[in-house]
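Reviewing the structure listed below.
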Amino acid sequence: MKYWLMKSEPDAYGINDLIAQPARTDHWDGIRNYQARNFMSKEMKVGDQAFFYHSSCAEPGIVGIVKIAREAYLDFTAFDSKSKYYDPKSTPEKPRWFMVDVKFVRKLKRPITLQELKAQEPLQEMRLLQRGNRLSILPVSKREWDYIVKLEKR
DNA sequence: GCCAACGTTGGC
DNA sequence: GCCAACGTTGGC
């Protein structure tokens, strides 16, 4: 089982939007970056867990935990000319983009902000904290995962 | 709103 | 295949 971190802008889609879905499950559409797509389509498995991260907001940070509920399948928003994720180069015959389903597991007892993560000596190697990183889906090591879950309880 | 970092596109 | 131009991300 692997661990991940998935970013979303709370103004567009925050953790409460996921909670509001039927079965607290939703598809994670709109990934238009090859590296992030490859993580989803090649490595994510049902049952993997991921931190739900709020980005581009007043307090960026981890706010909850989700798990992968369905492995990668066609991201249909790429075929929809009215969608902001429309990509004419992706067709049902030759799809370019994929998405997974995620299911809400729980909110953290308190958000763990980017600022707090940065201050942790054991997390200095984390992908999220590397400079210039803009990937919206990132792997998290088990050691990092366990550390952050422990940090939550402090 | 600014800007650094980075990915993608397209001309050559 | 190179690389300049452009677009996007995301913290601040």
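Just so it is clear: chains get the letters A, B, ... in the order the sequence lines come, proteins before strands, and each one is counted from 1. Please read all numbers here as calculations on a predicted model, not as lab measurements.
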Atom-pair distance (CG on A:Asp11; P on C:dG11), nearest Å: 13 Å
For atom CZ of A:Arg127 and atom P of B:dC6, their distance in whole Å: 12 Å
Expressed as a whole number of angstroms, how long is the span from A:Asn38:CG to B:dG7:P? 13 Å
I'd like to know if A:Arg134 reaches the base of C:dT8 with its side chain such that a donor and an acceptor end up less than 3.5 angstrom apart. yes
Hey, is A:Glu152 close enough to A:Arg106 for a salt bridge, meaning N to O under 4.0 Å? yes
Please determine if a side-chain N or O atom of A:Lys89 lies less than 4.0 Å away from the OP1 or OP2 oxygen of B:dT9. yes
Candidate nucleotides B:dG10, B:dG7, C:dG10, ranked by approach to the side chain of A:Lys7 - the nearest: C:dG10
Of B:dG7, B:dT9, C:dC12, the nucleotide closest to the side chain of A:Asn33 is B:dG7
Does a salt bridge link A:Asp75 with A:Arg96, judged by any charged N lying under 4.0 Å from a carboxylate O? no
Does A:Glu43 come within less than 4.0 Å of A:Lys2, counting only side-chain N to carboxylate O? yes
Would you mind classifying the nucleic acid contact of A:Arg131 as base, sugar-phosphate or nothing, using non-hydrogen atoms under 4.0 angstrom? sugar-phosphate
May I have the distance from A:Tyr34 (atom OH) to C:dT8 (atom C1'), rounded to whole angstrom? 15 Å
Side-chain (A:Ser8) to main-chain (A:Pro10) donor-acceptor, under 3.5 angstrom: no
Measure NZ/A:Lys118 against P/C:dG11 and give the value in whole Å, please. 8 Å
Check the distance between B:dC6's P and A:Gln35's CD and give it to me in whole angstrom. 11 Å
Atom NE2 of A:His54 and atom P of C:dG10 are separated, to the nearest Å, by 13 Å
A:Tyr85 side chain near C:dT8 phosphate (N/O to OP1/OP2, under 4.0 Å): no
Please check if atom NZ in A:Lys103 has more than 12 non-hydrogen atoms from other residues, nucleotides or ligands closer than 6.0 Å. yes
Provide, to the nearest angstrom, the distance between the CD atom belonging to A:Gln130 and the C1' atom belonging to B:dC6. 15 Å
